[in-house]
Structures are given as C-alpha cells and as structure tokens.
Asker: 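Below are the structure tokens for one structure; questions will follow.
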Amino acid sequence: MSAQGGTWVLTMQPGEIMSTLDRETLNEIAAQCLTRPSNAHFYDDRLFDTHGAMLSWSEQSNDLMEESNYLTALGLIKGAAGDDADAHIIDGSERHFACGYMRVLYVQVYESYEDYECDCEPTWEHEDECAHDEDDSYCQLFCRIDCDGEECLPEQEFTAAFKEAAELVSYLQGDGAILDDSDYFEREYDRWLKDVSDALDDAQREYVDDTAEEEAAIRELVEYGDRIGDTNEGSEGANWSLTKEIYADYRDTYFEEKAYEVYRWNVLGYNPDQLELDIAV
C-alpha cells in the first residue's frame, strides 16, 4: 500500500501487505483497539477480546469524509485479509446515545490465540525487604521471580488485516485526511446531484398551475444551463435557495418565449409550417 497524491493505493497482493510500522507501534495500537469501553455492553464475545475497534462512522451524520474513509478502509483491509476477511473483519453496528447507530470496524489483531505456557523454572533474588536469611526456604518464597514470558515465549503474529488497519489509522491520525480522493469527490458529486434534484422538486411545487410537460421543459433548461454549477457547495451539497432562484429565472424565460410564440402566431401571423416561395423580380 502506498500514498500517491493523498490517495492510498493497494500495491501488493492480498496477504502480502508489509507494515511500515515497527513492532512497538503495532503493540501500542493493538493495546488501544482492544481496550473495552467501561460504559458499554457488547453481545459478540470476540469484540475487544480477539477483535479490536479500528474505525467508526455515524451513518446518520453528513460527514462525507468520514463515510469515504470508513468504506475505503473497509475495502483495503478486506483486500489485505484475503481469504480470511470473513473471520478477521467485523463490520459491526453499535448504538450510541449521542449520534444514533454507528458502524464500527473491528479487526482480529493476532493470527493465533493459543495459550502458550512458560516452562521456565522460577528463580529468586534476595531483596533488602526480606526478613529471612538468603538461604532460607521462606526467602525463596518471598523473593520468588516467575518468568513473565517476554523472553521465552514467541511473539504473537499480527494478522495482515490488523497491520493494514494500523497503517490506515496511523495515516489518518497523522497528516492524512482522505484515504481515496476519487472516492471522496465522487460521493461529494453524487450528494450535489441529489440535492439539486430535491431542490428542483421543491421549486416546482411552488408553481401548482404548471403542467407536467411545462415542468419537464423548464427542468431540462435548468439542468443543461450554465448556471446550475454555481449551486455546488462541495461537501455541503447544493445551495437550495440559489437552485430555486435559478429555476424561477429559467421558468420566467420559458414562459416569456412561449408568450412570444403566441404573439408571433396570433398578431404577426407567423406560421412555421407555411410554404415560403422565392419571388423573382
């Protein structure tokens, strides 16, 4: 995976993702994502046990960047997981009191969760606080040192999905803002088109005497006119008041032209189907 002009591009085959993050950073991210919230309840035993929370998105919000990043990350992480995507990735839904339902992306952190047991014999080292003689059996119990496994047990291997997710989270928490520029701007454009359509529907409802044929003709003038682009306000969608103003202007133009055609027919006697003959003088 690489960043090109602010856009993340998958450059390796699924299962071959190489993390640029060191082991210490991955361990920190693993600890953070596996920390269970103290004020929440989850019905899936895998959550915050084997699968950590990496990203979230409130579907009821209007945050296009959050939506784009979440869905882009979901696709990239699934690609990294390959055949293990179904087992290693959970695209969950949680209810939050402040923002309603949220989609939360959970990723399995470690490849295996086998319980490795340490075979090291315990040791002891006499401490100053010990009230017993160094050779006393009580000293050996009081000053006993059990191996914590850090040196003798193998390091757990991170899943490809987790390493990819950690890369993306680190990018977003750093200088990155958008994972995929093209995806974000496509969503932004689609929102504008929908907003324009809704605003035009609202504008047409103000003119109850217009026929369906007249509404279609005026709408076509607006949509193919050179002013509709002025309503685009980026991630905010379309400017409704300006859209309705533009509709009203084009409607005036439409009926003015229609009235002029009636004038030409009834007053000037113009008939577009009449036969015109060239008279030689």
Side-chain angles (χ1 to χ4, degrees), residues 1 8 17 19-81 84-118 122 144-179 184 235:
M1 182 183 62
W8 284 90
I17 299 301
S19 175
T20 62
L21 303 176
D22 57 33
R23 181 79 190 191
E24 182 180 356
T25 302
L26 289 172
N27 284 334
E28 291 176 357
I29 297 175
Q32 292 171 2
C33 74
L34 288 171
T35 301
R36 179 185 295 269
S38 60
N39 58 347
H41 179 72
F42 303 93
Y43 293 96
D44 193 324
D45 293 337
R46 295 172 298 173
L47 306 185
F48 301 103
D49 182 20
T50 59
H51 292 62
M54 302 300 297
L55 289 168
S56 63
W57 160 46
S58 175
E59 292 184 278
Q60 295 176 324
S61 73
N62 291 322
D63 193 331
L64 279 183
M65 188 178 300
E66 188 178 87
E67 174 184 341
S68 175
N69 285 342
Y70 183 92
L71 296 176
T72 297
L74 178 61
L76 290 172
I77 296 169
K78 282 184 175 180
D84 294 322
D86 289 341
H88 288 181
I89 298 168
I90 301 174
D91 182 15
S93 179
E94 310 291 347
R95 180 167 178 78
H96 192 277
F97 74 94
C99 50
Y101 284 97
M102 296 183 64
R103 286 176 67 174
V104 182
L105 180 57
Y106 297 94
V107 177
Q108 181 170 318
V109 177
Y110 300 108
E111 286 285 1
S112 174
Y113 281 86
E114 297 180 21
D115 293 328
Y116 296 103
E117 294 185 0
C118 175
R144 175 183 174 127
I145 301 175
D146 290 313
C147 178
D148 59 8
E150 289 187 3
E151 299 295 334
C152 64
L153 295 181
E155 287 186 331
Q156 290 179 288
E157 183 181 352
F158 293 111
T159 64
F162 173 74
K163 288 188 285 187
E164 179 76 352
E167 289 277 0
L168 298 174
V169 169
S170 296
Y171 172 74
L172 291 174
Q173 291 178 346
D175 297 330
I178 302 175
L179 291 180
Y184 172 76
S235 62

Asker: Less than 4.5 Å apart, any side-chain heavy atom of Val104 and any of Trp57?
Answerer: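 No, too far: nothing below the 4.5 Å cut-off.
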Asker: Under the side chain to side chain contact (heavy atoms under 4.5 Å, CB included) rule, what do Lys163 and Leu21 come out as? Steps first, then yes or no, please.
Answerer: CA-CA 8 Å; Lys163 288 188 285 187; Leu21 303 176; over 6 Å; no
Asker: Answer yes or no: is there a side-chain heavy-atom contact under 4.5 Å between Leu47 and Glu94?
Answerer: yes
Asker: Using the side chain to side chain donor-acceptor pair (under 3.5 Å) rule, take Thr20 and Glu167 through it: C-alpha gap first, then chi angles, then the decisive distance, then the call.
Answerer: CA-CA 7 Å; Thr20 62; Glu167 289 277 0; 2.7 Å; yes
Asker: List the residues meeting side chain to side chain contact (heavy atoms under 4.5 Å, CB included) with Asn27, not counting sequence neighbours, and say none if there are none.
Answerer: Arg23, Phe158
Asker: To the nearest 0.5 Å, how far apart are CG in Asp91 and CG in Leu55?
Answerer: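 Separation between the atoms: 10.5 Å.
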Asker: Quick check: closest heavy atoms across Ile178 and Tyr171, and the distance to 0.1 Å?
Answerer: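 Reported closest heavy-atom pair: O-OH, 3.6 Å.
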Asker: Please give me the minimum heavy-atom distance between Arg46 and Ala87, naming the atom from each residue.
Answerer: NH1-O, 4.5 Å
Asker: Taking all non-hydrogen atoms of both residues into account, name the closest pair between Ala166 and Met54 and its distance.
Answerer: N-CE, 3.9 Å
Asker: Determine, step by step, whether Cys33 and Phe162 satisfy the side chain to side chain contact (heavy atoms under 4.5 Å, CB included) criterion, reporting the C-alpha distance in whole Å, the side-chain angles of both residues, the deciding distance to 0.1 Å, and the verdict.
Answerer: CA-CA 10 Å; Cys33 74; Phe162 173 74; 4.0 Å; yes
Asker: Check salt bridge (charged side-chain N to carboxylate O under 4.0 Å, His left out) between Asp49 and all other residues, then give those that pass, not counting sequence neighbours.
Answerer: none
Asker: Mind checking the CG-OH spacing from Asp44 to Tyr106? Nearest 0.5 Å is all I need.
Answerer: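 Between atom CG of Asp44 and atom OH of Tyr106 there are 8.5 Å.
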Asker: Sequence neighbours left out, what passes side chain to side chain donor-acceptor pair (under 3.5 Å) with Ser68? Give chain and number order.
Answerer: Asp183
Asker: Can you name the closest pair of heavy atoms from Leu76 and Glu164 and give their distance?
Answerer: CB-OE2, 3.7 Å
Asker: Go through the structure and list residues passing side chain to side chain contact (heavy atoms under 4.5 Å, CB included) with Arg36, not counting sequence neighbours.
Answerer: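 Partners of Arg36 by the side chain to side chain contact (heavy atoms under 4.5 Å, CB included) criterion, ordered by chain and then number, come out as Phe42, Phe48.
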Asker: How close do Val109 and Ala30 get, counting heavy atoms only, and between which atoms?
Answerer: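 Residues Val109 and Ala30, closest heavy atoms: CG1-CB, 3.7 Å.
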Asker: Quick check for you: to the nearest 0.5 Å, what is the distance between Gln156 atom CD and Leu26 atom CG?
Answerer: 13.0 Å
Asker: Atom CG in Asn69, atom CG in Leu168: separation rounded to 0.5 Å?
Answerer: 9.0 Å
Asker: Quick one: list whatever passes side chain to side chain contact (heavy atoms under 4.5 Å, CB included) with Asp63, sequence neighbours left out.
Answerer: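 Expected list: Ser61, Met65, Glu66.
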Asker: Which pair of non-hydrogen atoms, one from Ala160 and one from Glu111, has the smallest distance, and what is that distance?
Answerer: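 In terms of heavy atoms, the two residues are closest at N-OE2, 4.1 Å.
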Asker: Nearest 0.5 angstrom please: Arg103 CZ to Tyr70 OH, how far?
Answerer: 5.0 Å
Asker: Applying side chain to side chain donor-acceptor pair (under 3.5 Å), name anything that partners Gln108, two or more places apart in sequence or on another chain.
Answerer: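 Testing Gln108 for side chain to side chain donor-acceptor pair (under 3.5 Å), a comparison that skips the adjacent residues, returns none.
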Asker: Quick one: list whatever passes side chain to side chain contact (heavy atoms under 4.5 Å, CB included) with Ala161, sequence neighbours left out.
Answerer: Ile77, Ala81, His88, Ile89, Val107, Thr159
Asker: So Tyr184 and Leu64, side chain to side chain contact (heavy atoms under 4.5 Å, CB included) or not? Walk me through it.
Answerer: CA-CA 7 Å; Tyr184 172 76; Leu64 279 183; 3.8 Å; yes
Asker: NZ/Lys78 to CG/Leu105 distance, rounded to the nearest 0.5 angstrom?
Answerer: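 Reported value, rounded in 0.5 Å steps: 9.0 Å.
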Asker: In chain order, what residues pass the side chain to side chain donor-acceptor pair (under 3.5 Å) check against Ser170, with sequence neighbours excluded?
Answerer: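 Partners of Ser170 by the side chain to side chain donor-acceptor pair (under 3.5 Å) criterion come out as none, since no residue qualifies.
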